[in-house]
Asker: 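Quick one: the structure is below, questions incoming.
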Amino acid sequence: MFDQTYFSGGLKAQVDKIGGNPVVEVALLTGERYFVRSVDQATSGWVVLDVHPRPGSSALQRGPQVLTIPYATVASVLVSSTTVEQSPKIGFSAT
């Protein structure tokens, strides 16, 4: 289960381990998936993420969004590497 400890430290450790230009994707139990730019806040019950919806997502707004979700709704978190060309658009902590 995902919790405050994971989002305030464990995720960063995974990102650092991947190195380069990591991409973080969070999947919710609803099926929605988001590319995570940063973790804004992790509390005891929920996490606030700066995200981009995946292409083809049903999210109404496109571009950067702030997503607040309870930990119980997180199905998975994928950390992977990407190319330099992609990182400005979808990389973790991309600016």
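As the structure is a computational prediction, the values presented were derived from the model and not from experiment.
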Asker: Report yes if the side chains of V66 and V48 come closer than 4.5 Å at any heavy-atom pair, otherwise no.
Answerer: yes
Asker: Under the salt bridge (Lys or Arg N to Asp or Glu O under 4.0 Å) rule, what pairs show up with a residue in residues 39-52, not counting sequence neighbours?
Answerer: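 Pairs touching residues 39-52 that pass the test: R37-D50.
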Asker: Any side-chain heavy atom of L11 within less than 4.5 Å of one from Q14?
Answerer: yes
Asker: Let me confirm one number: the CD-CZ distance from Q41 to F7, rounded to the nearest 0.5 Å.
Answerer: 13.0 Å
Asker: Mind listing the closest non-hydrogen atom pair of G20 and P22 along with its distance?
Answerer: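 For G20 versus P22, the nearest heavy atoms are O-CD, 3.2 Å.
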Asker: Can you check whether F35 reaches V51 side chain to side chain, under 4.5 Å on heavy atoms?
Answerer: no
Asker: Side chains of residues 67-80: which donor-acceptor pairs under 3.5 Å do they make with residues two or more places apart or in other chains?
Answerer:
| unit_1 | atom_1 | unit_2 | atom_2 | d |
| --- | --- | --- | --- | --- |
| Y71 | OH | T43 | N | 3.3 |
| Y71 | OH | T43 | O | 2.6 |
| Y71 | OH | W46 | O | 3.0 |
| T73 | OG1 | P70 | O | 2.7 |

Asker: Might you point out which heavy atoms bring R33 and A27 nearest each other, and give the distance in Å?
Answerer: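 Scanning both residues completely, I find the closest heavy atoms to be NH1-CB, 3.4 Å.
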Asker: Does V26 reach the side chain of F2, with side-chain heavy atoms less than 4.5 Å apart?
Answerer: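 No, side chains not in contact.
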